[in-house]
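For reference, the structure discussed in these notes is given below.
Small disclaimer: the values here were computed from a predicted structure and weren't measured.
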Amino acid sequence: MKQNVKVFFVALIIGIVSSYIFCYKYDNTIITNALESKVTYFCVGSYNNMESANNKKNNYKNALIYNKDGIYKVIIGVYKEKESIELMESYFIDKDVKFTKETMKASVDFLNVISNYELLIKTSDRSYYENINNSLLKLFNEYINV
C-alpha cells in the first residue's frame, strides 16, 4: 500500500512540473493562433445559383457574394472578436436585418488586418459602423478572391 502511494505522489509531482514547464516556459502563440484563426461572417442568404444570390445582394448596400463549394452566400459583415460580433449583431438587429452567423478559417495576416477595424468598431459611435463595415467587406472580398 505504501509503495502505491509513493508511485502516485511521484507521478503527481512529475505531472505538475511538466505542466508548469509547458505552460509557463514555452511560447503559447502557436496554440493561441490555432484557436483564434476563425472569423464569423453574417450571411443574409444562401443560394444554389448566382442569379438568386445577386437578386438578394441588390437588397443590401455593399454586400458581397461568397462562393463556398457551389453555394453562394450573401455576406454583410465579417468579424473576429467576440465584442465586435456582439456590437454588429445588435446593429443589424436594430436595422431589422435577418441574418445567420457562420464561421470560417482565415489566415493570421487577414486577422491582423481586420483587428484594426474591429478596434474602430469598439471605440466608434454607431453612425460610423456602416463605413467601417464596408471597409471590412472590401478586405474580405480581396481575401477570398486571391
Side-chain angles (χ1 to χ4, degrees), residues 7-146:
V7 170
F8 173 75
F9 281 119
V10 169
L12 183 65
I13 290 171
I14 290 172
I16 290 171
V17 170
S18 62
S19 65
Y20 173 81
I21 291 170
F22 182 75
C23 291
Y24 295 104
K25 297 292 182 182
Y26 291 106
D27 187 17
N28 287 329
T29 56
I30 296 170
I31 296 169
T32 304
N33 288 342
L35 294 175
E36 294 181 355
S37 64
K38 291 187 177 183
V39 292
T40 299
Y41 60 89
F42 289 25
C43 178
V44 291
S46 297
Y47 301 93
N48 291 330
N49 59 51
M50 186 66 146
E51 184 180 332
S52 299
N54 271 325
N55 290 339
K56 184 67 168 188
K57 179 184 179 273
N58 292 335
N59 296 330
Y60 297 94
K61 183 180 176 184
N62 298 313
L64 61 94
I65 297 174
Y66 168 53
N67 183 358
K68 181 180 180 183
D69 301 325
I71 303 296
Y72 299 96
K73 297 179 181 271
V74 180
I75 309 294
I76 59 169
V78 179
Y79 316 98
K80 175 185 89 168
E81 297 176 14
K82 182 180 178 184
E83 187 177 350
S84 300
I85 294 167
E86 290 171 353
L87 286 170
M88 293 308 291
E89 184 175 19
S90 170
Y91 174 73
F92 288 131
I93 289 172
D94 289 346
K95 293 183 84 172
D96 290 329
V97 176
K98 305 283 188 258
F99 60 87
T100 59
K101 294 187 296 184
E102 299 181 32
T103 60
M104 70 177 281
K105 287 189 176 189
S107 71
V108 175
D109 294 333
F110 178 70
L111 295 175
N112 290 335
V113 170
I114 69 169
S115 65
N116 296 328
Y117 291 93
E118 289 187 325
L119 180 61
L120 288 172
I121 289 172
K122 292 186 266 187
T123 58
S124 297
D125 187 54
R126 286 177 78 106
S127 62
Y128 297 107
Y129 284 4
E130 187 171 342
N131 292 332
I132 298 167
N133 187 52
N134 293 341
S135 298
L136 279 168
L137 285 172
K138 287 177 186 174
L139 288 171
F140 184 65
N141 192 33
E142 291 173 8
Y143 173 71
I144 61 175
N145 290 320
V146 170

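Rounding to the nearest 0.5 Å places OH of Tyr47 at 14.5 Å from CG of Asn67. Rounded to the nearest 0.5 angstrom, Leu64 CG and Glu142 CD are separated by 11.0 Å. Note that the OG atom of Ser115 and the CD1 atom of Ile121 stand 11.0 Å from one another [nearest 0.5 Å]. The CD atom of Glu86 sits 11.0 Å away from atom NZ of Lys122, with the distance rounded to the nearest 0.5 Å. Rounding to the nearest 0.5 Å places CD1 of Ile114 at 12.5 Å from CG of Leu119. Of the inter-residue distances, the one linking Ser135 atom OG with Asn62 atom CG reads 9.5 Å to the nearest 0.5 angstrom.
Aromatic ring orientation, Phe110 versus Tyr143: parallel (interplanar angle below 30°, classes split at 30° and 60°).
When the salt bridge (charged side-chain N to carboxylate O under 4.0 Å, His left out) test is applied to Lys68, no partner is found at least two apart in sequence or on another chain.
Annotation: side chain of Ile76 is in contact with side chain of Val44 (closest heavy-atom distance under 4.5 Å).
For the residue pair Asp125 / Ser127, a side-chain donor-acceptor distance below 3.5 Å is found, with atom types taken as modelled. Neither side chain, Asn58 nor Asn54, offers a donor N or O lying under 3.5 Å from an acceptor on the other.
Counting all heavy atoms, side chain and backbone alike, Val74 lies closest to Ala53 at CG2-O, 3.6 Å. Shown here for Lys57 and Ala63, the closest heavy-atom pair between the two residues is CE-O, 2.9 Å. Contact between Leu137 and Gly77 at its shortest, heavy atoms only, is CD2-N, 3.7 Å. For Ser37 against Leu111, the heavy-atom pair with the smallest separation is CA-CD1, 3.6 Å.
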Inset, instruction - Starting from the C-alpha separation in whole Å, work towards a yes-or-no answer on salt bridge (charged side-chain N to carboxylate O under 4.0 Å, His left out) for Lys101 and Glu89. - result: CA-CA 9 Å; Lys101 294 187 296 184; Glu89 184 175 19; 3.3 Å; yes
Inset, instruction - For Tyr41 and Tyr79, run ring-ring contact (aromatic ring centres under 6.0 Å, His included): C-alpha distance rounded to whole Å, both residues' side-chain angles, the deciding distance at 0.1 Å, then the answer. - result: CA-CA 6 Å; Tyr41 60 89; Tyr79 316 98; over 10 Å; no
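Ring to ring, Tyr66 and Tyr72 are not that close: their centroids are 6.0 angstrom or more apart.
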